[in-house]
Enquirer: 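I am attaching a structure below and will ask some questions about it afterwards.
Just so you know, these numbers use all the heavy atoms, side chains as well, and skip hydrogens, waters and symmetry mates.
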Amino acid sequence: MKDVMRLDKLLAMLGEGTRSEVRSAVRAGRVTVDGQAARDAGMQVDALSSRVCIDGRLLEYRQQRHVMLNKPQGVLTAARDPRQQTVMDLLPPLYRAMGCMPAGRLDKDTEGLLVITSDGQLAHQIISPRHEVGKVYLAHVDGPLGDADVKAFAAGLHIDDADGAFDARPAALEVLSSGETQSVTRVRVTEGRYHQVKRMFAARGVQVTYLKRLQIGALLLDSALLPGQWREMTDAEIVLLRQEAP
Ligand code: URA
């Protein structure tokens, strides 16, 4: 496996300064690659196998990969499964080899934004209820909804069903349309219990018929991604997620 990139990019990624600072360090002869003084900050290095030192200090490269997936319905959110297709099966094998895991879980029949990352700390921050990262869903339900439901969500629903009992945190429910047999809503929750959104609606007497996650913190699902499609996250998106989950 290789991860080839410019030397100045690698040094900046490793926190050795801005691009211009690390270029100065290279010009000053402070950087070596495999024992040779590096003269060109733009030289290509394999971050995984090259020995890069600054002022004689060997830099440790921990490669991280962050993927945004539009999870399709019918696929399990799991690292692997002996029988069923998992979200990891939608990515090239490299990502599993790099230790990528789904950050959180969407039900098999839920679609939408799923972050898959090799950065366990970032994943924990996204998932941990302590950080209260908001998750926004588009939910269709099979009956009418109104102000009483919006107020009940905002007050914090008490859930008591076959899967157990808990007091849900206050959640923001927006009713986009309401009808006798179908309502369309956006809902923002800050926790991710088992079947959280479905159970919250069930507590109000309606069943979720379609669920799609649109947003995690400030990170939006890229609308160009069709269900099943994915891409690497941009640096700006990763910063957004980290800021959201300090
Ligand atoms: N809430 C649910 O009920 N299911 C999901 O997949 C996500 C949130």
Side-chain angles (χ1 to χ4, degrees), residues 1 62-140 159 161-166 168-169 171 187-202 207-217 219-234 237-238 240-242 244-245:
M1 200 184 305
R62 260 189 79 224
Q63 195 186 42
Q64 302 287 11
R65 298 270 174 172
H66 312 278
V67 164
M68 169 189 291
L69 168 72
N70 184 356
K71 178 193 167 300
Q73 292 181 347
V75 175
L76 279 191
T77 308
R80 58 180 75 242
D81 188 89
R83 284 175 299 279
Q84 300 188 60
Q85 189 184 32
T86 74
V87 290
M88 295 307 300
D89 298 326
L90 301 173
L91 305 181
L94 166 80
Y95 290 89
R96 188 174 265 139
M98 301 284 311
C100 285
M101 303 277 276
R105 190 176 289 268
L106 290 176
D107 295 339
K108 189 172 172 186
D109 59 358
T110 300
E111 62 183 55
L113 177 58
L114 188 71
V115 170
I116 296 177
T117 177
S118 57
D119 183 341
Q121 199 184 359
L122 181 64
H124 174 74
Q125 288 172 340
I126 295 172
I127 300 165
S128 159
R130 201 162 56 82
H131 294 290
E132 298 197 18
V133 175
K135 280 125 189 164
V136 178
Y137 295 85
L138 175 70
H140 295 192
I159 311 289
D161 58 23
D163 291 315
F166 69 98
R169 285 188 186 151
V187 58
R188 182 179 182 278
V189 298
T190 56
E191 56 193 340
R193 292 179 186 252
Y194 180 65
H195 293 338
Q196 171 105 21
V197 173
K198 292 173 185 165
R199 292 166 74 189
M200 288 168 75
F201 281 108
Q207 300 303 314
V208 170
T209 53
Y210 172 76
L211 192 59
K212 175 179 186 175
R213 184 155 65 192
L214 305 173
Q215 192 173 338
I216 299 173
L219 177 72
L220 295 173
L221 175 64
D222 182 341
S223 58
L225 293 177
L226 298 172
Q229 292 185 333
W230 61 276
R231 64 163 171 79
E232 295 238 355
M233 285 167 54
T234 64
E237 287 171 336
I238 295 159
L240 268 186
L241 264 189
R242 287 197 201 283
E244 192 68 29

Enquirer: Going by ring pair (Phe, Tyr, Trp, His ring centres under 6.0 Å), name the residues that satisfy it together with F166, two or more places apart in sequence or in a different chain.
Expert: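 Scan of F166 (ring pair (Phe, Tyr, Trp, His ring centres under 6.0 Å), adjacent residues dropped) gives none.
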Enquirer: Quick test of your reading: applying side chain to side chain donor-acceptor pair (under 3.5 Å), list the pairs with at least one residue in residues 66-80, sequence neighbours left out, ordered by first then second residue.
Expert: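 Listed once each, the pairs are H66-T117.
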Enquirer: How long is the span from the CE atom in M68 to the CG atom in L241, to the nearest 0.5 Å?
Expert: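 Atom-to-atom, M68:CE and L241:CG are 8.0 Å apart.
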Enquirer: So which heavy atom on Q207 is nearest to which on A202, and how close?
Expert: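 Closest approach of Q207 to A202, heavy atoms only: NE2-CB, 4.3 Å.
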Enquirer: Taking C-beta and beyond as the side chain, do D109 and L211 meet within less than 4.5 Å on heavy atoms?
Expert: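 Of all side-chain heavy-atom pairs linking L211 with D109, none is under 4.5 Å.
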Enquirer: Would you name the heavy atoms of L220 and L113 that are closest together and state the gap between them?
Expert: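 Residues L220 and L113, closest heavy atoms: C-CD2, 4.3 Å.
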Enquirer: To the nearest 0.5 Å, tell me how far W230 CH2 sits from I116 CD1.
Expert: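 W230 CH2 to I116 CD1: 9.5 Å, rounded to 0.5 Å.
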Enquirer: Do Y194 and R105 pass the side chain to side chain contact (heavy atoms under 4.5 Å, CB included) test, and can you show the C-alpha distance, the side-chain angles, and the key distance before you say yes or no?
Expert: CA-CA 9 Å; Y194 180 65; R105 190 176 289 268; over 6 Å; no
Enquirer: Any salt bridge between K198 and D163, counting N to O under 4.0 Å?
Expert: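 Not counted as a salt bridge, because no side-chain N and carboxylate O are separated by less than 4.0 Å.
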Enquirer: I'd like to know if the side chain of R169 and the backbone of V189 have a donor-acceptor N/O pair within less than 3.5 Å.
Expert: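 Checked: no pair found.
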Enquirer: Taking Q125's backbone N and O only, do any of them form a donor-acceptor pair with R242's side chain (distance below 3.5 Å, no angle check)?
Expert: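 Not a single qualifying donor-acceptor pair exists.
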Enquirer: Would you say the side chains of Q196 and K135 form a donor-acceptor pair under 3.5 Å?
Expert: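 Checked: Q196/K135 side chains show no N/O donor-acceptor pair below 3.5 Å.
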Enquirer: Do you know the tightest heavy-atom contact between V133 and I126?
Expert: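 That closest heavy-atom pairing would be CB-O, 4.2 Å.
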Enquirer: Drop me the distance from Y210's OH to E111's CD, to the nearest 0.5 angstrom.
Expert: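 So the gap between those two atoms works out to 3.5 Å.
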Enquirer: Specify the closest pair of heavy atoms between L114 and A103, including all atoms of both residues, with the distance to one decimal.
Expert: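 It is CD1-O, 4.4 Å.
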Enquirer: Please check if the side chain of Q64 supplies one atom and the backbone of D119 the other of a donor-acceptor pair under 3.5 Å.
Expert: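 Yes; judged by distance alone, with no hydrogens or angles, the pair exists.
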Enquirer: Minimum heavy-atom separation for C100 to S118, with atom names?
Expert: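 Looks like SG-N, 3.7 Å.
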Enquirer: For the side chain of R213 and the backbone of G112, is there at least one donor-acceptor N/O pair under 3.5 Å apart?
Expert: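 Flag not set: sc R213 to bb G112 has no pair under 3.5 Å.
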Enquirer: Does M101 CE have over 12 foreign heavy atoms under 6.0 Å away?
Expert: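 It does not: M101 CE has 12 such atoms or fewer within range.
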Enquirer: To the nearest 0.5 angstrom, please state how far the CZ atom of R83 sits from the CG atom of L76.
Expert: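 These two atoms lie 9.5 Å from each other.
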Enquirer: Which pair of non-hydrogen atoms, one from G134 and one from R188, has the smallest distance, and what is that distance?
Expert: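 Looking at all heavy atoms of both residues, the closest pair is CA-NH2, 3.5 Å.
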Enquirer: Could you give the distance from CG (L122) to CD1 (I127), rounded to the nearest 0.5 Å?
Expert: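 Here the interatomic distance stands at 9.5 Å.
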Enquirer: Taking salt bridge (charged side-chain N to carboxylate O under 4.0 Å, His left out) as the test, write out the residues that go with R193, two or more places apart.
Expert: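 Only E191 meet the salt bridge (charged side-chain N to carboxylate O under 4.0 Å, His left out) criterion with R193.
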Enquirer: Is any side-chain heavy atom of R65 closer than 4.5 Å to one of L91?
Expert: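 Not touching, per the 4.5 Å side-chain cut-off.
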Enquirer: Determine whether F201 and T209 make a side-chain contact, defined as any pair of heavy atoms from C-beta on separated by less than 4.5 Å.
Expert: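 They are not in side-chain contact.
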Enquirer: Measure the spacing between CG of L219 and CG of L240 and express it to the nearest 0.5 Å.
Expert: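 Nearest 0.5 Å value for the CG-CG distance: 6.5 Å.
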Enquirer: Working note: D222 + E237, criterion side chain to side chain contact (heavy atoms under 4.5 Å, CB included); need CA distance, chi angles, decisive distance, verdict.
Expert: CA-CA 11 Å; D222 182 341; E237 287 171 336; 5.6 Å; no
